[in-house]
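Written out below as structure tokens is the structure these notes cover.
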Amino acid sequence: MKIGFNLLLWTGTVTEEHFPLLADIKDWGADGVEVPIFDPKASPWDKLAREMDNAGLDRTVVSVLPKGANLIGEDKAERQAALDYLKACVDCTQRIGADVLAGPIYSPVGRLTGVPPTHAEREHCIEGLRALGQHAEGSGVTIAIEPLNRFETYFLNTMEQSAYILDKVKHPQVGVLYDTFHANIEEKNIYAAIQTGGKHIRHVHISANDRGTPGEDHVQYVETFAALRNIGYEGWLTIESFGSRLPELAAATCIWRPLAPSEEHVVREGVAFTRKSWNA
Ligand code: LER
Ligand code: MN
């Protein structure tokens, strides 16, 4: 098990100005960082990889679909744009030496159609993820789709819905991300949800119910860690917290007040709490 920290607390686009932060995050206790790739051309990836090596940080990637790209969209051009974008994200993920590409990569965050998912959308999702899995073969990158709460997506809200899709995708490099914040809203039973996700769970976001500091909230961490250990999960526990610095996701994450005394506090206390709870 490794504990990561998501750079989305600071930015959706990593630039050289964020490099000094990497040593701090290591110093504050994390084993790795989660790097946002919201535009495969936007960041100095090779330099960033060297900086993360120098800081002694392992890494994962989180991504969301940009405007005009939708893996489950009715429009073929939108589906192709999503697949092209996600293939480029897989390539970037490999390039920076990360082992996981995670996120709600099936549909844009915040996109709501006003109706439940359709059969056609599920079929597009299965087809698109299978093609992406094939593209990832030999890269060492695992793709983990992230169900979100109902206010951020209508398409995947639970482990059960995700497992249904993944049983059909049937690709060893395509699985699901379990995020404690979304599960706290959507799942009826935390332990059962993780059992249902089972072998499909390839990545985990540890996120407080208010998106502040894990351990200072009411997420059911004891049940979460017991269930993850029970399914034999050995992957990342990546802490995700949001502030108001993220225009890209502001409309979806809806953070309108400070949730922690400082960024250092979230990393130090969140990492210490997660490590202690996992080992308990
Ligand atoms: C968004 O709600 C989220 O949980 C992140 O992982 C980015 O999609
Ligand atoms: Mn998440």
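One-based numbering along the sequence shown. Indexing begins at 1, ligand by ligand and atom by atom, following the structure's order.
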Using a strict cut-off of less than 4.0 Å between a Lys/Arg side-chain nitrogen and an Asp/Glu carboxylate oxygen, indicate whether Lys67 and Asp39 qualify as a salt bridge. no
Glu216 and His265: side chain donor to acceptor below 3.5 Å: yes
Do Tyr233 and Tyr178 have ring centroids that are under 6.0 Å from one another? no
To check you understand the geometry: which heavy-atom pair defines the closest contact between Ser43 and Thr13, and what is its length? OG-CG2, 4.0 Å
Verify the distance criterion only: is there a donor paired with an acceptor across the side chains of Glu152 and Asn149 at less than 3.5 Å? yes
Pick out which of Asp99, Asp53, Asp31 makes a salt bridge (charged side-chain N to carboxylate O under 4.0 Å, His left out) with Arg59. Asp53
Near the Mn ion (ligand 2) (under 2.8 Å) - protein N, O or S atoms: Glu146 OE2, Asp179 OD2, His205 ND1, Glu240 OE1
Whether the Glu137 and His171 side chains hold a donor-acceptor pair (N or O, under 3.5 Å, no angle test) is what I'd like checked. yes
Let me confirm one number: the OG-CD1 distance from Ser63 to Ile37, rounded to the nearest 0.5 Å. 6.5 Å
Shortest non-hydrogen contact between Val267 and Ile25, atoms and distance: CG1-O, 4.3 Å
Pocket residues around ligand 1 (non-hydrogen, under 4.0 Å) come out as Val64, Pro104, Glu146, Leu148, Glu152, Asp179, His182, His205, Arg211, Glu240
